[in-house]
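Keep in mind it's a predicted model, so treat the numbers as computed, not measured. The first residue of the sequence shown is numbered 1, and numbering continues consecutively from there.
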Amino acid sequence: MHKHPQHRLLRWRPAAAALAAAVAASAFLAVPSAQANEPSDPPAVEQMPAPTPGFPLPTQHTQQAFDPASDFTSKWTRADAKQIMAQSDESVSPGTNSMSPDVTMPEIPEDFPTMNDDVWVWDTWSLTDENANQISYKGWDVIFSLVADRHAGYGFDQRHWNARIGYFFRKTNADPAKDKWNYGGHLFLDNTSIGNTEWSGSTRLMQGNHVNVFYTATTFYDVAERNAGGGGIAPDAAIAKALGNIHADQNGVTFDGFEHTKLLEPDGKMYQTKAQNPGFAFRDPYTFADPAHPGKTFMVFEGNTGGNRGDYQCKGEDLGYQPGDPHAENVNDVQSSGAYYQTANVGLAVADNKDLTKWSFLPPILSANCVNDQTERPQIFIQNEGGKNKYYLFTISHQFTYAAGMRGPDGVYGFVGDGVRSDYQPMNNSGLALGSPTDLNLPANAPESPSAKQNGRQFQAYSHYVQPGGLVQSFIDNVNGVRGGSLSPTVKINFRDGVSQVDRSFGRNGLGPFGYLPTNVRVGGEGLYK
């Protein structure tokens with residue numbers, strides 16, 4: 001059964017009362033505690049892409065699970081990432097799209113609506129519980145976004161060092177095709193968070209009306225200089241949380257009472273520090289419960305492999321080629337290309353107390369050494385397949401953060417295994433699950449200065465967030481030269497056993513409503529205001 005038949009109607013004609021009631025009734029299904037996510041639909045063909053002549057074979061991965069505390073780290077290898085180009089069409093007209101439609105996000109129209117006239121909006125996530133259910137609180141849906149002032153005098157690309165966490169809300173029974181999100185303002189009072197800039201994280205509803213906001217506390221020391229086009233002092237970064245309260249009444253949602261706690265700073269051994277690399281990554285905390293380890297709370301986050309920048313030595317296991325593969329690269333050649341500068345990983349931590357104020361690092365669950373330098377906003381999505389839980393690690397990355405000799409689009413990358421720590425199998429053999437339309441035969445570039453020869457939508461969307469049922473939300477960056485700062489149309493990917501496919505029957509030709517983050521669990525009743 002298709003899980004979202006009603007979504008085809010929501011954006012393209014007014015939702016009648018009967019339809020709204022049907023949507024509400026179908027959306028709120030009970031999900032047992034500490035169980036798998038609401039699963040996606042399966043793809044039409046559940047088979048990995050066949051090997052492409054002239055390209056190396058992907059690394060063989062077992063998907064085997066290991067103890068979360070063990071020192072096994074799965075590798076996203078160069079042999080894996082080479083499959084992106086192996087599955088790309090070399091014969092397309094320049095500047096079109098060379099990727100399979102199965103992994104290509106449909107094109108966003110240039111006349112997209114502005115989500116809010118006062119703030120740019122980018123990285124976005126929902127109010128959730130520990131099992132990644134999206135929570136309707138007393139009849140309101142709530143989302144959290146990085147925001148920056150559209151009218152402060154700096155440009156869209158200067159938003160990063162002016163970022164705050166804002167929140168939006170709307171009625172759970174709203175029509176997402178026409179009812180806009182209400183902007184509630186900044187989540188935290190001015191000058192109360194750890195650091196002067198707030199970057200991405202996740203928000204969990206706790207007991208009663210308490211919420212834990214996990215976020216990246218970033219401190220820039222040269223904001224004015226950066227806003228004027230200069231600067232360059234490396235920021236500090238820590239993972240923090242804020243425990244506060246959520247309130248709802250007939251007028252909307254508010255928050256108060258936040259108390260901030262610094263949780264983690266990089267250790268320099270498993271996770272690179274600012275002293276080791278001014279461009280280090282340490283951010284994007286996402287916490288969850290694992291049904292295989294009841295009572296424990298885990299966190300995944302973006303990191304870089306510990307050690308001084310430039311000291312890493314590419315290894316055979318980072319390349320991952322099968323013995324005797326005639327298309328394999330040589331370790332010395334990869335090292336001499338400068339690929340050792342790319343050292344992304346996905347980190348893991350475990351909470352040491354029930355208050356979630358004390359955490360311990362565990363070894364990374366995935367490394368992309370000599371492949372890519374960014375594995376941003378990681379998520380764990382647990383899906384029951386054939387009576388067994390499969391663990392999907394989703395992350396996002398840019399085309400310009402790939403190592404020399406590698407090529408891939410901005411988008412979602414996914415990996416599947418039998419546990420939180422697994423010998424992860426890259427989805428579709430390559431890792432690519434969803435990318436913006438891109439001609440991968442042309443050189444990589446960046447959204448603030450794209451090549452006129454490229455597909456005009458190669459940077460149309462980024463910072464994807466995978467929701468229950470395989471819905472994927474992102475923000476608009478650059479659509480054919482029109483800069484964004486609003487939420488994209490939600491799309492849907494169907495996936496099973498590591499194979500994914502864009503569902504083009506969803507919405508209109510694969511594009512659902514803009515900013516569609518539906519809730520699937522009700523909490524607190526509706527209209528039971530205090």
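Scanning all heavy atoms of the two residues, the minimum distance from Ser488 to Met105 falls at CB-CE, 4.2 Å. Closest non-hydrogen pair, Thr59 versus Ala79, comes out as OG1-CB, 3.6 Å. Between Leu205 and Leu127, the shortest heavy-atom distance links the atoms N-CD1, 3.9 Å.
In summary, of the residues considered (Val479, Val482, Asn455), a side chain to side chain contact (heavy atoms under 4.5 Å, CB included) with Gln460 occurs for Val479 alone. If you run ring-ring contact (aromatic ring centres under 6.0 Å, His included) between Phe301 and each of Trp359, Tyr271, Phe214, only Tyr271 comes through. If you run ring-ring contact (aromatic ring centres under 6.0 Å, His included) between Phe144 and each of Tyr215, Phe255, Phe168, only Phe255 comes through.
Side-chain contact, Glu110 with Asn480: a donor N or O sits under 3.5 Å from an acceptor N or O. Remark: the Gln467 side chain and the Tyr516 side chain contain no N/O donor-acceptor pair separated by less than 3.5 Å. Residues Gln399 and Gln458 have side chains that bring a donor and an acceptor to within less than 3.5 angstrom of each other. Inspection of the Asp80 and Thr77 side chains reveals an N or O donor paired with an N or O acceptor under 3.5 Å. Between the side chains of Asp410 and Ser436, no donor N or O sits under 3.5 Å from an acceptor N or O. Side-chain atoms of Asp318 and Tyr340 form no donor-acceptor pair, as typed in the model, at a separation below 3.5 Å. Defined by atom type and a distance below 3.5 Å, a donor-acceptor pair is present between the side-chain atoms of Thr124 and Ser145. Looking only at atom types and distance, the side chain of Ser463 has a donor-acceptor partner in the side chain of Asp123 under 3.5 Å away. Between the side chains of Tyr391 and Asp290, at least one donor N or O lies within less than 3.5 Å of an accepting N or O. Using modelled atom types, one finds no donor on one side chain facing an acceptor on the other under 3.5 Å when comparing Ser397 with Gln374. Using modelled atom types and a 3.5 Å distance limit, the side chains of Asp355 and Asn353 yield no donor-acceptor pair. Looking at Thr219 and Asn196, their side chains never bring a donor and an acceptor atom within 3.5 Å of each other. With no hydrogens or angles considered, a side-chain donor-acceptor pair links Asp352 and Ser360 at under 3.5 Å. Side-chain atoms of Asn445 and Ser451 include no donor-acceptor pair closer than 3.5 Å. A donor and an acceptor atom, one from each side chain of Thr343 and Thr305, are nowhere located under 3.5 Å apart.
Using a 4.5 Å heavy-atom threshold, the side chains of Met406 and Met85 count as separate. Inter-residue side-chain proximity for Thr128 and Ser202 is flagged as unmet; no heavy-atom pair is nearer than 4.5 Å. At a threshold of 4.5 Å between non-hydrogen side-chain atoms, the residues Val253 and His247 do not count as touching. Within the 4.5 Å cutoff, side-chain heavy atoms of Tyr465 are placed close to those of Gln379. Annotation: side chain of Asp284 is in contact with side chain of Thr216 (closest heavy-atom distance under 4.5 Å). Contact check for Val346 versus Pro378: side-chain heavy atoms found under the 4.5 Å cut-off. Under the 4.5 Å side-chain criterion, counting only non-hydrogen atoms from C-beta, Val121 is not in contact with Tyr183. A 4.5 Å side-chain heavy-atom check between Pro266 and Gln272 finds every atom pair outside the cut-off.
Remark: aromatic rings of Phe169 and Trp181 are distant, center separation not under 6.0 Å. Between His260 and Phe188, the ring centre distance stays below 6.0 Å.
Both tests hold for Arg159 against Trp122: distance to the six-membered ring centre under 6.0 Å, angle to the ring axis within 45°.
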Checklist entry - Between Arg283 and Ser200, does a side-chain hydrogen bond (donor to acceptor under 3.5 Å, both in side chains) hold up when you go through it step by step? => result CA-CA 7 Å; Arg283 54 181 179 258; Ser200 293; over 6 Å; no
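At a threshold of 4.0 Å, the pair Arg483-Asp477 counts as salt-bridged, since one of the basic side-chain nitrogens sits closer than that to a carboxylate oxygen. For the pair Arg164 and Asp149, the salt-bridge criterion is not met [side-chain N within less than 4.0 Å of a carboxylate O]. Contact check on Arg377 versus Glu302 returns no salt bridge, with no Lys/Arg side-chain nitrogen under 4.0 Å from an Asp/Glu carboxylate oxygen.
Shown here are the salt bridge (Lys or Arg N to Asp or Glu O under 4.0 Å) partners of Arg457, two or more places apart in sequence or in another chain: Glu107.
Listed by first then second residue, pairs satisfying disulfide bond (SG atoms under 2.5 Å apart) with a partner in residues 342-371 read Cys314-Cys370, not counting sequence neighbours. Applying the side chain to side chain donor-acceptor pair (under 3.5 Å) test to pairs two or more places apart or on separate chains, those with a residue in residues 224-244 are Trp161-Asn227, Asn162-Asn227, Asn212-Lys241, Tyr221-Asp236, Asp222-Arg226, Asp236-Lys274.
Taking the six-membered ring where tryptophan is involved, the planes of Tyr402 and Tyr413 are perpendicular, since the angle between them exceeds 60° and thus also 30°.
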